[in-house]
*Asks:* 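Once you've had a glance at the structure underneath, I'll fire off some questions.
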Number of protein chains: 2
Amino acid sequence: MVRAGLTADRLARVGAELADEIGFEQVTVSALARRVGVKVASLYSHLANSRDLKTRIALLALEELADRAADALAGRAGKDALVAFADVYRDYARAHPGRYAAAQFRLDPETAAASAGVRHAQMTRAILRGYDLAEPDQTHAVRLLGSVFHGYVSLELAGGFSHSAPDSQESWTRALDALDALLRNWRAPGPSPSP
Amino acid sequence: MVRAGLTADRLARVGAELADEIGFEQVTVSALARRVGVKVASLYSHLANSRDLKTRIALLALEELADRAADALAGRAGKDALVAFADVYRDYARAHPGRYAAAQFRLDPETAAASAGVRHAQMTRAILRGYDLAEPDQTHAVRLLGSVFHGYVSLELAGGFSHSAPDSQESWTRALDALDALLRNWRAPGPSPSP
DNA sequence: GCATCTGCCTAAAACCTTTAGGCAAATGCC
DNA sequence: GGCATTTGCCTAAAGGTTTTAGGCAGATGC
């Protein structure tokens, strides 16, 4: 009976790999046990239950994503920061679709409050420092940015933009250009013209 | 042995109700059988399998959503159409979270091509007729609109904007104002200033 | 060298999915 | 109306996932 040397952290890492390979939805305690070559019940010494496993994978993904975003943001400001930050999300989702899906997992409020999710919010606000927005506009802008990033990336991941012209990269660039322009002129929405 | 009068369509409708009550993820053939007061195996005369059930609920949701959007769009143009269309999505998601989640269910390509999903795409393009965009900008704009609508609604549904000032409705209105302004000035992104 | 602890095991119950085969009610035909 | 067929729901059963309980052996500590 050779010991496999399992820990909750290692299981979360293996679970994250599994998520990228078979999809976050398909990650089960059973599948994870098969992957690490151990009987199912053995995992319950390390994991409280199935939701606990998913939560750990989600936290891992949120942290990885926040680390990469922080790296990308270092030394950048304005549109440069905006684009670098956005690209981190998109690239991460494409390289690690299962982990990205995990990052969307609905955590209970206390867990969420202690997660890297708060770093994400802070970094989004940091980007907006380059655009000079006061509250409550800053919050509106945070929500809009989050919506576009998450919305675009998840639609792209769902295959929405694939295999049809123009290239998705082109639309992404245009979306970021548009956001930048929007943030620079935030205060001047202009009246709706009557054509 | 009283017959319950089940059909695939009726099961999809009951499944949709169930999704709104317990969440789309939790809709199982078993739960549906309990709800309609029938043994589990009986449903397999009407449904091919569990995925088939979810697919039918998804198609139903897509169609309901498309019907409402078409109603909202009738007789409107420009920003008026944009806001009405967007509100349909947001209101539907808040009134029927399970169905909205179902509408996100990944259909296989053939099913998707035959679904009401294509009407959604057509309607989005119809809105853009009020903004005078040529290809490929129209496609870029379709993708951006879809991203903002879906992104905002799903973040709001996930509880992202709840219980924190300012009100989510306010941010939504500002987001739509911003989109409208963006679409009106699509061709003028303007150069990035060096501060 | 022995006691304890830890890590993985077997066993088992509960639930979900899916298939196979049966019986009775509804339907259609003469 | 009587009979055959079809239809609709049933029981039975196998396979998979989740979770708990209890056991045994290897690692750790004095």
Side-chain angles (χ1 to χ4, degrees), chain A residues 1-60 98-99 101-102 104-108 111, chain B residues 1-60 98-99 101-102 104-108 111:
Chain A
M1 209 173 296
V2 184
R3 301 202 173 188
L6 305 180
T7 65
D9 277 357
R10 200 187 141 220
L11 288 176
R13 280 196 297 273
V14 178
E17 290 170 21
L18 207 50
D20 286 336
E21 292 171 27
I22 66 177
F24 182 61
E25 297 295 310
Q26 327 300 324
V27 174
T28 66
V29 179
S30 287
L32 185 59
R34 277 193 296 274
R35 166 63 71 109
V36 298
V38 133
K39 294 294 174 181
V40 185
S42 306
L43 299 189
Y44 281 84
S45 319
H46 306 283
L47 306 169
N49 49 42
S50 180
R51 182 177 174 81
D52 182 34
L53 169 61
K54 287 186 180 148
T55 299
R56 285 174 192 276
I57 299 175
L59 291 175
L60 182 148
R99 284 161 150 98
Q104 253 58 61
F105 184 68
R106 185 81 131 103
L107 302 170
D108 45 301
T111 310
Chain B
M1 211 173 294
V2 184
R3 302 202 171 189
L6 305 179
T7 64
D9 277 357
R10 199 185 143 222
L11 289 176
R13 280 196 297 272
V14 177
E17 290 170 19
L18 207 51
D20 285 336
E21 292 172 26
I22 66 176
F24 183 61
E25 297 295 310
Q26 327 301 324
V27 174
T28 66
V29 179
S30 287
L32 184 60
R34 277 193 295 275
R35 167 64 71 110
V36 298
V38 134
K39 296 294 174 180
V40 185
S42 306
L43 299 189
Y44 282 84
S45 318
H46 307 282
L47 307 169
N49 50 40
S50 180
R51 183 178 174 78
D52 182 33
L53 169 61
K54 288 186 178 146
T55 299
R56 285 174 192 275
I57 299 175
L59 292 175
L60 181 149
R99 285 160 150 97
Q104 255 57 62
F105 184 68
R106 186 79 132 102
L107 302 170
D108 45 300
T111 310

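The sequence lines fix the lettering, A, B, ..., with proteins before strands; numbering per chain opens at 1.
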*Asks:* Contact class for A:Arg34 (heavy atom, under 4.0 Å): base, sugar-phosphate, or nothing?
*Replies:* sugar-phosphate

*Asks:* Checking contacts here: which listed nucleotide (C:dC16, C:dC8, D:dC9) is nearest the side-chain heavy atoms of B:Ser30?
*Replies:* C:dC16

*Asks:* In terms of side-chain heavy atoms of A:Ala41, which of D:dC9, D:dA21, D:dA12 is nearest?
*Replies:* D:dA21

*Asks:* To the nearest Å, how far apart are B:Lys54 NZ and C:dT17 C1'?
*Replies:* 11 Å

*Asks:* If you compare all heavy atoms of B:His46 against all heavy atoms of B:Leu6, which two are closest, and at what distance to 0.1 Å?
*Replies:* CE1-O, 3.2 Å

*Asks:* Mind running side-chain contact (heavy atoms from CB on, under 4.5 Å) on B:Asp52 and B:Asn49 for me, showing each step along the way?
*Replies:* CA-CA 5 Å; B:Asp52 182 33; B:Asn49 50 40; 3.5 Å; yes

*Asks:* Can you measure B:Leu11 atom CG to D:dC9 atom C1' for me and round it to whole angstrom units?
*Replies:*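 The distance from CG of B:Leu11 to C1' of D:dC9 comes to 12 Å, rounded to the nearest Å.
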
*Asks:* Between A:Lys39 (NZ) and D:dT19 (P), how many Å, whole number?
*Replies:* 19 Å

*Asks:* Taking the side chain of A:Val40 as its heavy atoms from C-beta onward, which of D:dT20, D:dC9, D:dT18 lies nearest to it?
*Replies:*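 Given the options D:dT20, D:dC9, D:dT18, the side chain of A:Val40 is closest to D:dT18.
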
*Asks:* Identify which nucleotide among C:dT19, D:dC10, C:dC9 has an atom closest to any side-chain atom of B:Tyr44, counting heavy atoms from C-beta outward.
*Replies:* C:dT19

*Asks:* I want to verify a distance call: between C:dC16, C:dC9, C:dT18, whose nearest atom is closest to the B:Thr28 side chain?
*Replies:*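 Per side-chain heavy atoms of B:Thr28, the pick is C:dC16.
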
*Asks:* Across the strands shown, which category fits B:Ala31 at heavy-atom distances under 4.0 angstrom: base, sugar-phosphate, nothing?
*Replies:*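 Here B:Ala31 touches no strand at all.
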
*Asks:* Tell me, please, which residues at least two apart from A:Arg35 pass side chain to side chain donor-acceptor pair (under 3.5 Å).
*Replies:* A:Glu21

*Asks:* Given atom CD of A:Glu25 and atom P of D:dT17, what is their separation to the nearest angstrom?
*Replies:* 15 Å

*Asks:* Nearest whole Å is fine: how far is D:dA21 P from A:Leu43 CG?
*Replies:* 17 Å

*Asks:* Measure CG/A:Asn49 against C1'/C:dA14 and give the value in whole Å, please.
*Replies:* 16 Å

